Structure formats: C-alpha cells, structure tokens
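First up is the structure itself, then whatever we jot down about it.
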Amino acid sequence: MIEYWEMLKESFLSLKLNKMRTGLAMLGIIIGIGSVIGLISIGESSKKSVTSRIESLGSNLVTVSPGSQRSGMVRGNNTVKTLTLADADALEKAGLSAISLVSPEYSSRYQVVAGDANTNTSIYGVKAAYSTVHNLKISRGRFITDSDYDSNSHVAVIGPDSVEELFGSSDYDCLGETIRINSLNFTIVGITVAKGTSGMGSSDSAIYIPLSAGLKQLFGVSHLSSLSIQAVNSDVIIQAQNQVGYFLLARHKITEAANADFYIRSSEEMLETISSVTGTFTALLSGVAAISLIVGGIGIMNIMLVTVTERTREIGLRKALGAKKNTIITQFLTESIILTFGGGIIGIILGIGLSYGYSVFNSSVFTISFSSVMLAFLVSVGIGILFGWYPARKAASLQPIEALRYE
Amino acid sequence: MSKSKPIIVVKNLSKVYKTDLLETIALNNVSFQIDQGEFVAIMGPSGSGKSTLMHILGALDKPTSGQYILDSKDVSHLSEDELADIRNRKIGFVFQAFNLLPRTSTLKNVMLPMAYAGIPKEEREATAKKFLNMVGLGDRLHHTSNQISGGQQQRVAIARSLVLNPALILADEPTGNIATSQADEIMAIFEKLNDDGHTIVMITHEPDIAEHAKRIIFIRDGKIVKDSPNHHRRSASIKKEVLAHD
C-alpha cells in the first residue's frame, strides 16, 4: 500500500492541474458550509443577546402588569389604573409561600436637569426590594432604603449613562449633588453598576426615587405601572404565578380568570417564547443551507465522475502496474475529501466572517459555537466520503484491459 | 534447455468471449512453455488472438479454461487483488503507447510500481535512478513525459518494467509508436536485457522486429500454427556500448 502522505500529495497535485474545475466544485461546499455556520451563529448570537437582556431584568421574576390579557403587550403605558399600592401591600402581607419579595413600581419619562445639563430619561418610583428583584448592583453610595420610602425623602439613585449626560463623565463622583426632576430637587445617594444593555428600557440611564415621594409629588397618580415579584426559587415560578393570580383575582373580586384586569408573565416564559421563535427561524434557515450543502455534494460527485472518465487510461495503467482496488478507491476518495474539506474550511471562515459582520452591523454579541464548527468539519468530510464513494468505486472496478485500451 | 527453469507454462488454454448472440473463441486450446532466459516473439495478424494471449500472460485477464503457471505459481484462478500483486512483482510491462503518467516526472513514473509494492521512498528513488541511468536517461530525471521523445518515453517505460526485478518482461508492440531510427535503440536495450538473463516475451506483427527474438511463435485463429527457433536472428545495428552498465 502506497503511503498515505504521498497519496495526499499526489491528490493535491492532480487537483491543482485543474484549478478552475476544483474551485467550482468547492464553491458549492463553500456556500453550503458558510451559510450553515453563518446562520447558526447569527441565530445563536441573537438568542444570546435577547436572553442576556431578559436575564438582566432579574431572575425568578414574575411581573404583574395592569390591563387585560387579551389586549396583549401593545398598549399605551400607565393608562390602566387597576393595579395599586394597596395591592402590593396586601400581597406582601399575605405571606404567599412561593413568593419572597414584592416590588411595586411606577415609571415615567421626565426631563432631568443638573446645573446647565439636562437629559430625558425614565424615572422609576421604587421600594428597597427593587434592587434585589431586578438584580441591580450599586457601584457607589447606596440604593433606596425602607426609611427613604417611609420618610418621603427626595433622594435619587442614578444610572451611569445619566451621570455621563448630566455631569460630563460616567466616572464623576456625583454623590451629594442635586438634580431637578420636574422642578423638584433630589439628592443623589447612589450610582448603579452599568449592565451594558442599551436601547429602550435600559437600566443604565434610569433614575430611581422612593415610590412614596414619586407617587405623591412627581407622578401625581395612585396606581402602579407594574408589580415585580421574586419567586422563592426557579422551581416554584409557576406556583408563584398562580398564587399571585388567584390572590389578585380575589382581591379585585373577579371570578373568571379570563376577565382579569391584570396579566402575569414570568421571565422564563418570555425566554421560552423567544428562544422557541429564534430556534424555529434558525432551524428553518439551516435547513435551507443544508439543502445547498447537498447540492454542493452532488456537484462534487459530478466532478469526480468526470475526473474518473477522463483518467480511465491512468487508472488502467495503475492497475496494470499493481494498484489494488482499495488503493484506487483511497486515491479518489482522498481527492474528493480534499475538495470538500478544503471547501469546508473556506466555508467555515466565510460563515464566521458573515456572523461577525452581522454582529458588528447589529451591535449584538458575536458568538461562534465550537460545536457547529466541529459539525461543519465532520459534515464536509462526510460529504466527501458519501459523494466521492460512487465515483471511487467506479474507478476501482474498471478492468485494466478496457481502461488501457480507452482512448 | 532442460536445465533452465520454466517461467511460463500454458496448458490447454482457451478464452471465449460471449455476447447475447455470439460466441467468439479468441484462444483455442493453446499449450506452450517458455523457459528462463528466452527471448520470444509472438506474431500473428490482427484478430489472431495474440492480444488476448498477451492479456492472459500479463495477468490482466483470466482464461475461460486451461492452466497458466507463471514462475511456478498457478495464476489461472486468482482474485483481482492477487492478480494485481502478480502484475506488480512478477511482470514488467512495456506498452505500445508507453503509458506513462502525464505531467509526471520520469523519476516518479519509474518509482510508481515500487510504491504499490510498499518499498520505502529512499530505496524507490535510488532504484529508479539506477535503472534510468541504465537506459541512458540519467540526465532526464525531472522531465515530464511530454518533454521527451517517443523513443525516450519507451526507455522510461522499460526502466519502469525492471525496477521490481520481474520474472518476465512483457512487451506489447514496443516499437509500434516510435520512429524507425529510434526503434533500433529500443531493440538494442531488449537484446542487452536478454543477454543479462531476463526472460522477454514480445508481441508484434512486424517481422523486422520479431527477428530480434531467439524464438518465434505464430498464432492464427486462436491456435499456434508455428513455434520455432529463429535462425535468422537480427542484431540491433546500434552498438550496445551506448548503454551504460550498472
């Protein structure tokens, strides 16, 4: 048996003799592997960025929002007044077994002024429980406390993006500075840690004030925009949802769950919904890409069949000089595997480039899953063997006399 | 002759080609023996069965019936891979159309049979160089087959046939594709090889070429019609000293 290294070298040489054909044969595999890798990575990275955004909102989180379930999420904010502070207090006192913390919240956008600078941002009226429920960390100072709430203090905890807007730099130590929100003065007592999320609803630009002061003096309302509840652990989230739901139904004297004037969802639910949607899309797109991979494989088979026909005389000579069946099969399989493996590598690079481009364009997380790259390697080699097998068999079963005579 | 060892023993050899309608008898009950050191020309008109005989002697095809013993081994009913091994180690082929690998150096071409025999690369290279020197192409090691003349290509093929020290050199119309001036060189090499003890069987339809052999077998309609020593043996006009000795 001829040594494998030499076989490899010979195969490279014979592929090099027909650069155009080799390139075209590889193109199908390049496009196939490239699109599979690219689409899987793009799917993964968009899933990851959505997941991290949801997780940053808090873990084991159950959110109660005012309004009816049927009207869905698209709805003017703060217009439904069915959820009140009294609901939150009652819920807290009820001591439901699956619930550890209750955080009543009201938020609205205001113009905020500090000296000459001003910015438009979300103001959250919160209680001390908010930071735990929403996984919010403090980098300097402290968060809103129970005594701030009880005494109606005009204190504020501010996000790093707003610090930058109002004081020029996010590193500025603004503890003790005064900001004006709608003509009311608030003293800054804490700065939150950047979560790195951007866009609407980002906590990095939010400003938190005690809910008591907010409702009475700033917002001028008596209802809540949402009620965040932390479940005891992730196993009892459904239970927590049910307990809260039945408790509020009873409190609001509603008998039919379908007529509820609030709706409840958990962060897990949102995660599941979103990942199932992105998963479906990724699977669909990968399916299309896989079809192009099969078409690429058929292209390889076609080229290899042409090659075998063209080299009939050479095969006959090799057999006459002592090449065994397996030697010929190995030789042609090596060529087709080089084609698909080479195409696979270029395709992987193309796919990584594609998803990198996507992540830069969309400023989302750039991820390459190691498993999909490994899979692409295996698939490309597999295609080489699968579609190279028939031509290689055909070459090996040529009769030496017929092959030597072939013109 | 009785002292020499028989290289080829053919007993009652027949080859029949069957199609749906037709049965063609290419070889009809042929028997003969060729001993070590002989130089035999097999002659006959086209369609006589000499090509079929050459294919069977070269282990490229199997007989329909009868026995073929090559170098004391019965090769009549071996498997395809076993036949490949026999061709590799026992037979040195020289074809009419040279059959060198295109775009491949003469050195690599001569090394090829040794690769299939599993010989290490250094040894292959050294042996190939030795035989290319012997046929006078020591300065053409890295030329490809399209860069050298027909006569030179056939000399490469002869070097290739010798590298595994075969029991039999089988030449199929070795001068058929070569200019007459160069044909003499090729025949001189064969004579020299025969002088050195190699057994040579040459298929040809040219009487001029056949007359270089020591024995001539005539075939017609699948049967041997004449098998006799060649009394008018011709020697290549070219001086054999042009061939380098190893």
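Just so it is clear, the model here is predicted, and its values are computed rather than measured. Each chain gets a letter, A, B and so on, in the order its sequence line appears, and its residues count up from 1.
Most heavy-atom pairs under 4.5 Å with chain B, from the set Arg311(A), Gln399(A), Glu314(A), Lys325(A): that is Lys325(A).
The closest side-chain heavy-atom distance from Arg87(B) to Pro400(A) is below 4.5 Å.
Listed here is the closest heavy atom pair of Phe95(B) and Leu404(A): CE2-CD1, 3.6 Å. Nearest heavy atom pair, residue Ala323(A) against residue Ala84(B), reads O-CB, 3.8 Å. For the pair Asn88(B) and Gly322(A), the tightest heavy-atom approach, listed with the atom from each and the gap, is CB-CA, 3.6 Å. When every heavy atom of Phe93(B) is checked against every heavy atom of Ala320(A), the shortest pair comes out as CE1-O, 3.4 Å.
Counting heavy atoms of neighbouring residues, nucleotides and ligands inside a 6.0 Å radius, atom CZ of Phe366(A) exceeds 12 of them. More than 12 heavy atoms of other shown residues, nucleotides or ligands fall within 6.0 angstrom of atom OH in Tyr17(B). More than 12 heavy atoms of other shown residues, nucleotides or ligands fall within 6.0 angstrom of atom NZ in Lys15(B). Counting heavy atoms of neighbouring residues, nucleotides and ligands inside a 6.0 Å radius, atom OH of Tyr358(A) exceeds 12 of them. By the neighbour-count criterion of 12 heavy atoms within 6.0 Å, atom OH of Tyr390(A) is sparsely surrounded, having that number or fewer from other residues, nucleotides or ligands. Other residues, nucleotides and ligands contribute only 12 or fewer heavy atoms inside 6.0 Å of the CZ atom of Arg220(B). Shown here is Asp221(B), whose CG atom has no more than 12 heavy atoms of other residues, nucleotides or ligands within 6.0 Å.
At a 4.5 Å heavy-atom cutoff, Arg89(B) makes no contact with chain A through either its backbone or its side chain.
Considering CD1 of Ile401(A) and CE of Met54(B), their distance stands at 9.5 Å, rounded to 0.5 Å. One finds the CZ atom of Arg160(B) at 4.5 Å from the CG atom of Leu321(A) (value rounded to the nearest 0.5 Å). Distance check: Leu13(A) CG to Thr104(B) OG1 gives 8.0 Å after rounding to the nearest 0.5 Å.
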Checking Lys324(A) against Glu80(B) for the salt bridge (charged side-chain N to carboxylate O under 4.0 Å, His left out) test, could you report, in this order, the C-alpha distance in whole Å, the side-chain angles of both residues, the deciding distance, and whether it holds? CA-CA 8 Å; Lys324(A) 297 202 169 77; Glu80(B) 224 177 286; over 6 Å; no

Could you walk me through whether Lys319(A) and Leu60(B) pass side-chain contact (heavy atoms from CB on, under 4.5 Å), step by step? CA-CA 9 Å; Lys319(A) 293 195 88 174; Leu60(B) 293 162; over 6 Å; no

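The closest donor-acceptor contact from the side chain of Arg313(A) to the backbone of Asn99(B) lies at 3.5 Å or more, if one exists at all.
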